[in-house]
Amino acid sequence: MWIMPLRGKYLVWAITACCCQGFLLLGYDQGVMSGIIGADNQFGKDFNHPNPTTQGTIVAIYDIGCAVGSLIVFFFGESIGRKRMIMSGAVTMLIGTAILTSSTTLAQLYVGRIVTGIGNGFNSSSIPVYQSETCGGKVRGRLVCLNSTVTIFGLVIAYWLDYGMSFVSGPAQWRLPIGFQAVFALLLLLQGMVLPDSPRWLIAHGQREEGARVIAMLEDKDSVDHPDVVRVLREIEDSLAVESAGGPFRYMELFEGGKIQNFRRICLCIGINVMQQFTGANMINYLAPVVYQNTMGLSRNLSLILGGFTAVTYLFASFIPLWTVDRYGRRPLLMTSAAGLSLCFILAAILLSTGTKPAAFGATAMVFIFQIFLGIGYLPIPWLYPAEISTTRIRARGSAISSFFNWMCVFAVVEMTPPAIANIGWRVFIIFAIFNACWVPLVYIFFPETHSLELEEIDAIFEKGGITGGVWGSPGGRTVERKAFVEVEKDEKSSQ
């Protein structure tokens, strides 16, 4: 297959553009149903005015599909490859979109949501791995965070397209917003077709010459014999040799400790995604208009407008990590984010408990500030961290299993939120405030810092051992020397 003749930073940006396209699709799909369900509109008429429980299922059944897609990647993604999994995700989402757009019954709608979700599960499990394995440690955090920023851009497009189409009568009111995601899926497929696969995956699967050629392209070198290419190739091969010392991969490896600490890595992959979902993020992102309308007593039109501006706020906040994630690291952003999220929901609950209109507007402001704190840490880092903390041998499976738990938790939160709001109203904010407060000490004690480390350096991150893997006793949670960062500092000093 023809590959674009790009090199160096231009190839990295082309790969990033493809990855961003996948996350744009993810964000759009996350938000598109929020402005369609829960109102006396054409969608409600076409599907017999679904009750809150059915509304929750319509939104959340998509997440079951995402979880199934992630499981497929867990079992087959390593053998298929990063690039082909992403392309398969795009094709699957095109099929799911066709089913959704032509839906006339709830059953067909459910099937379309599940199929679309499966495709998105392929993408959400594979894209962070592909991005992480094709860029250097100095920019890896920034580029994966850019993917997250584009996710929110997709969310913004969905919210405002829903709002604009709410003034249109007839089936196009909901069929056009749902069908529009096919544009993003098609673009993702076309982009993926002309890009190379991950050099780490190629080398791990016996395609050494092709892997070396891709490394030369990424490093912007004319020959595979260039010292920089040879060095990167040797580092990858040495890392794979250590990981493969026990022979062919066995699933029991995921539960092993030892020097590499695979089980600890898998627990961190899962943990950070469970934490992300129990911040309450998707209570807002999936169901913002429902939350505004049913917990704060605002009108449907105002709730839709606020939902759109909530997404815009989230979008602006998502730019912050582009400058901070590789400067301050992952841990400080996660802890700051969790503390801020907890405080926002505590204040929102206090204000809503008074039952007054001015307090409802104050609680709305807290939701906007919540989105800022979410964008700082718990939006981007759970997509980045699993691909970083896993070794090459288990990276696809680590990312896939973390994605599976992510989507299952999204399903639980989105399925429970409409009936919870109907039954306990504003008190739902208290539940998520408590969860967020718990995440601060958990990150501090168990999550090591990974910023500025090359992926091969992260293999040694738990060699100190102990209950916390050396995190508790290491300054800033840095359990290994940041060689890449130290080299950059030395280069900067020598040039002064």
### Residue pair Met4 / Ala14: nearest heavy atoms and the distance that separates them
CE-CB, 3.9 Å
#### Entry: Test ring pair (Phe, Tyr, Trp, His ring centres under 6.0 Å) applied to Phe23 and Tyr28, Trp383, Phe153, the passing residue
Trp383
### Message
With heavy-atom distances below 4.5 Å as the criterion, would you say the side chains of Tyr110 and Thr57 are in contact?
### Response
yes
### Query
So, does Asp326 use its side chain to make a donor-acceptor pair with the main chain of Arg142 at under 3.5 Å?
yes
### Query
Going through the checks in order, is the side-chain contact (heavy atoms from CB on, under 4.5 Å) test met by Leu343 and Leu347?
CA-CA 6 Å; Leu343 180 61; Leu347 294 175; 4.2 Å; yes
### Task
With the side chain counted from C-beta on, respond yes when Glu78 and Arg393 share a heavy-atom pair under 4.5 Å apart, and no when they do not.
no
### Task
Return the minimal non-hydrogen interatomic distance between Gly211 and Ile203, and the atom names on each side.
CA-CG1, 4.0 Å
### Message
Test your reading of the model: is there a side-chain donor-acceptor pair from Thr279 to the backbone of Gln276, 3.5 Å cut-off?
### Response
yes
### Query
Is a side-chain N or O of Ser318 found less than 3.5 angstrom from the main chain of Leu315, in a donor-acceptor match?
yes
### Task
Rounded to the nearest 0.5 Å, what's the gap from OG on Ser132 to CZ on Arg395? Could you check?
7.0 Å
#### Entry: Test item: Thr336 side-chain N/O and Leu333 main-chain N/O as donor-acceptor pair under 3.5 Å
no
### Query
At what distance, to the nearest 0.5 angstrom, does CG of Leu26 lie from CD1 of Ile127?
8.0 Å
### Query
Would you call Arg330 and Glu388 a salt bridge, taking side-chain N to carboxylate O under 4.0 Å as the test?
yes
### Message
Less than 4.0 angstrom from a charged side-chain N to a carboxylate O is my criterion; do Arg82 and Asp197 meet it?
### Response
no
### Summary
Closest non-hydrogen contact found for Gly377 with Pro380 is O-CD, 3.1 Å
### Heavy-atom closest contact (Ala349 atom, Phe429 atom, distance)
CB-CB, 4.2 Å
### Message
Any donor-acceptor pair under 3.5 Å linking the side-chain atoms of Ser125 with those of Ser399?
### Response
no
### Approximate separation, where rounding is to 0.5 Å, of Trp13 CH2 and Cys20 SG
8.0 Å
### Task
Cation-pi check, Arg331 to Phe447: give yes when NZ or CZ is under 6.0 Å from the six-membered ring centre and within 45° of the ring axis, no otherwise.
no
### Task
Any chance you could lay out the ring pair (Phe, Tyr, Trp, His ring centres under 6.0 Å) test for Phe345 and Phe370, step after step, and finish with the verdict?
CA-CA 7 Å; Phe345 272 177; Phe370 173 93; 4.2 Å; yes
#### Entry: Pair Leu11-Asp220, side-chain contact (heavy atoms from CB on, under 4.5 Å): steps then yes or no
CA-CA 9 Å; Leu11 177 57; Asp220 197 12; over 6 Å; no
### Modelled atom types, side-chain donor and acceptor of Tyr385 and Asn273, under 3.5 Å
no
### Message
For the OH atom on Tyr444, are there more than 12 heavy atoms of other groups (residues, nucleotides or ligands in this structure) within a distance under 6.0 Å?
### Response
no
### Query
Does some side-chain heavy atom of Thr324 sit less than 4.5 Å from a side-chain heavy atom of Ile376?
no
### Message
Please report the interatomic distance CE(Met93) to CG(Leu25), rounded to the nearest 0.5 Å.
### Response
3.5 Å
### Message
Ring-plane angle category for Phe319 and Trp323, please: parallel below 30°, perpendicular beyond 60°, tilted otherwise.
### Response
tilted
### Query
Given the rule in the side-chain contact (heavy atoms from CB on, under 4.5 Å) test, do Gln173 and Asn41 qualify, once you have shown the distances and angles that lead to the verdict?
CA-CA 8 Å; Gln173 185 186 80; Asn41 55 9; 3.2 Å; yes
### Message
If I compare all heavy atoms of Ser390 with all of Cys269, which pair ends up nearest, and what's the gap?
### Response
OG-SG, 3.4 Å
### Query
Do the non-hydrogen side-chain atoms of Tyr62 and Asn120 ever get within less than 4.5 Å of each other?
yes
### Task
Go through the steps for Thr134 and Ser198 under the test side chain to side chain donor-acceptor pair (under 3.5 Å), then give the verdict.
CA-CA 6 Å; Thr134 52; Ser198 157; over 6 Å; no
### Task
Would you indicate whether Phe368, at its atom CZ, is surrounded by more than 12 heavy atoms from other residues, nucleotides or ligands within a distance under 6.0 Å?
yes
### Task
Taking Arg478 for its side chain and Glu449 for its backbone only, find out whether a donor-acceptor pair lies under 3.5 Å.
no
### Message
Return the CD to CG distance between Gln131 and Leu384, rounded to the nearest 0.5 Å.
### Response
10.0 Å
### Query
Under the 3.5 angstrom rule, does the side chain of Arg113 hit a backbone N or O of Ile61 as a donor-acceptor pair?
no
### Query
Distance-only, no hydrogens or angles: does the Ser342 side chain make a donor-acceptor pair with backbone N or O of Ala433 under 3.5 Å?
yes
### Task
Compare every heavy atom of Pro448 with every heavy atom of Ile389, then report the nearest pair and how far apart it is.
CD1-CG, 3.9 Å
### Task
Kindly indicate, with the supporting measurements, whether the criterion side-chain contact (heavy atoms from CB on, under 4.5 Å) is fulfilled by Phe74 and Ser403.
CA-CA 9 Å; Phe74 178 78; Ser403 180; over 6 Å; no
### Query
Would you say Asn436's side chain and Phe432's backbone share a donor-acceptor pair under 3.5 angstrom?
yes
### Query
Can you tell me how far CE of Met33 sits from CZ of Phe43, rounded to the nearest 0.5 angstrom?
4.0 Å
### Message
For the backbone of Tyr130 and the side chain of Glu133, can you confirm whether one donor and one acceptor N or O come within less than 3.5 Å of each other?
### Response
no
### Query
With side chains defined as the heavy atoms from C-beta onward, is the minimum distance between Ile215 and Ile236 less than 4.5 Å?
yes
### Task
Please tell me if the side chains of Leu188 and Ile86 come closer than 4.5 Å, counting only heavy atoms from C-beta onward.
yes
### Message
Within the 4.5 Å heavy-atom criterion, are Phe404 and Ile72 side-chain neighbours or not?
### Response
no
### Task
Kindly say whether Met275 contributes a backbone atom to a donor-acceptor pair with the side chain of Trp439 at under 3.5 angstrom?
yes
### Message
Contact between Thr116 and Leu100 at the side-chain level, heavy atoms closer than 4.5 Å - yes or no?
### Response
yes
### Task
Evaluate the criterion side chain to side chain donor-acceptor pair (under 3.5 Å) for residue pair Asp459 and Ser239; output intermediate values, then yes/no.
CA-CA 8 Å; Asp459 286 1; Ser239 177; 2.4 Å; yes
